[in-house]
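Written out below as structure tokens is the structure these notes cover.
Bear in mind that the values here come from a model prediction, so they are computed numbers and not experimental data.
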Amino acid sequence: NYTWLDVDSDGEQDLSEPGLGGVKVTLTGTDGLGNPVTAVLFTDVDGYYQFDELVPGDYKLTFETPTGYLVSPVNTAGGNDAKDSDADPLMGGMTAIETLTSGENNPNYDAGFYPCPDLTPIANITVCPGDSVAPIELSISPYAPYAFPAEYSWTGGESAGLLTGQTTGPDAEIPGFIASKVEQTVTITVTARLGECLDVVKYTITIIDDEAPVFVQCPTDVTLNNDV
């Protein structure tokens, strides 16, 4: 019974991935007479734990997710129960219920956790008035697609032509738009949420017409209030 740092977020225990100590594990269930049973412990410094002297009954485990981490995908090791993660991220880190019989010992209730992902930085953009601005790709890393989709949102670009919006997915994009014909610089705030993890990045969109009436890289048919 083991908890580990799932560095590559794939739900499989690799030799290079260390144990994760201090994880709270709660056992709940009922014994063979129907009496409720609850026990709590924390994994040791190497990530190991053991509930001793359980009587026959029906039990499940709940692994509390450490701050700054997410639960790894469940049962992804090709049927190798000694190498997978048994905590279900969609069930708050809970395992399936097991019926424990007399003399039985199951040492393979494990749970992996991976660090909260980071939102990939976005480069600042400079465009001419009325330009078509291409879509911007959004992604986070590390990401476990077996868990749940990331939620992306962005704000701050309305005056430049970019409407506030949101989308989901392992990878997504901010849609393209037509830049306004008002010279300005706006700051776009992009937020990515995955479970309890949250990351924010910012980038700027600058709309500029260098010197009226001279256009350096802007189309000559663009007219601004300061053009003559």
Side-chain angles (χ1 to χ4, degrees), residues 1-119 140-151 170 192-199:
N1 297 316
Y2 183 60
T3 58
W4 87 97
L5 179 58
D6 188 14
V7 176
D8 56 8
S9 68
D10 65 352
E12 296 186 34
Q13 300 173 36
D14 301 322
L15 292 177
S16 61
E17 294 176 334
L20 190 62
V23 177
K24 182 179 180 180
V25 187
T26 301
L27 178 144
T28 55
T30 56
D31 64 19
L33 299 176
N35 300 310
V37 177
T38 299
V40 178
L41 52 69
F42 291 83
T43 60
D44 67 20
V45 66
D46 295 315
Y48 291 99
Y49 73 96
Q50 181 71 42
F51 289 100
D52 294 319
E53 300 181 1
L54 293 174
V55 299
D58 297 320
Y59 303 104
K60 64 183 178 182
L61 300 173
T62 301
F63 294 86
E64 183 174 294
T65 305
T67 301
Y69 292 87
L70 291 169
V71 183
S72 295
V74 64
N75 297 329
T76 62
N80 187 347
D81 202 42
K83 293 294 184 180
D84 68 2
S85 181
D86 301 292
D88 191 338
L90 298 181
M91 296 292 289
M94 187 183 301
T95 68
I97 296 174
E98 172 162 333
T99 298
L100 188 68
T101 59
S102 180
E104 181 182 1
N105 177 40
N106 188 337
N108 294 323
Y109 272 103
D110 307 323
F113 300 92
Y114 61 96
C116 284
D118 295 320
L119 182 55
I140 55 177
S141 179
Y143 183 81
Y146 314 97
F148 32 73
E151 301 173 355
R193 181 182 295 277
L194 187 63
E196 297 300 317
C197 297
L198 182 71
D199 194 27

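Rounding to the nearest 0.5 Å gives a distance of 10.0 Å between OG1 of Thr26 and CE of Met94. Remark: Tyr48 OH to Leu20 CG distance equals 12.5 Å, nearest 0.5 Å. Ser141 OG to Asp8 CG: the interatomic distance, rounded to the nearest 0.5 Å, is 10.5 Å. Thr95 contributes atom OG1, which lies 9.5 Å from atom CG of Asn106 (distance to the nearest 0.5 angstrom). A distance of 14.5 Å separates OG1 in Thr3 from NZ in Lys24, rounded to the nearest 0.5 Å. With rounding to the nearest 0.5 Å, the separation of CG in Asp118 from CD1 in Ile140 is 9.0 Å.
Taking the side chain as every heavy atom from C-beta outward, Leu70 and Ser9 never approach each other to under 4.5 Å. Counting only heavy atoms from C-beta outward, the side chains of Pro66 and Val23 approach each other to under 4.5 Å. Two residues are said to be in side-chain contact when any heavy atoms from C-beta on lie closer than 4.5 Å; Phe51 and Leu61 meet this criterion. Here the side chains of Glu196 and Thr65 are not in contact, with every heavy-atom distance at 4.5 Å or above. Contact check for Asp86 versus Asp81: side-chain heavy atoms found under the 4.5 Å cut-off. With a 4.5 Å cut-off on side-chain heavy atoms, Thr43 and Phe63 do not count as touching. The closest side-chain heavy-atom distance from Lys60 to Thr28 is below 4.5 Å. With a 4.5 Å cut-off on side-chain heavy atoms, Val71 and Phe113 count as touching.
When every heavy atom of Leu5 is checked against every heavy atom of Pro115, the shortest pair comes out as CD1-CD, 4.1 Å. In plain terms, the two heavy atoms of Ser72 and Gly11 that are nearest each other are CB-CA, 4.0 Å. The two residues Gly112 and Ser85 make their nearest non-hydrogen contact at N-OG, 3.0 Å. Between Asp110 and Pro107 the shortest heavy-atom distance is OD1-O, 4.1 Å.
Checking Thr99 against Asp58 by side-chain atom types alone, a donor-acceptor pair falls below 3.5 Å.
The backbone N or O of Glu12 sits less than 3.5 Å from a side-chain atom of Asp10, completing a donor-acceptor pair. Between the side chain of Thr30 and the backbone N or O of Pro36 there is no donor-acceptor pair closer than 3.5 Å. In terms of modelled atom types and a separation under 3.5 Å, the side chain of Glu151 and the main chain of Arg193 share no donor-acceptor contact. Remark: the backbone N or O of Tyr109 is paired with a side-chain donor or acceptor of Asn1 at under 3.5 angstrom. Within the 3.5 Å criterion, the main-chain N or O of Leu33 finds a donor-acceptor partner in the side chain of Asp31.
Between Tyr2 and Trp4, the angle of the ring planes stays under 30°, which puts this pair in the parallel group of the 30/60° scheme.
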>> Between Asn105 and Gln50, does the side chain to side chain contact (heavy atoms under 4.5 Å, CB included) criterion hold? Intermediate values first, please.
In response: CA-CA 10 Å; Asn105 177 40; Gln50 181 71 42; 3.7 Å; yes

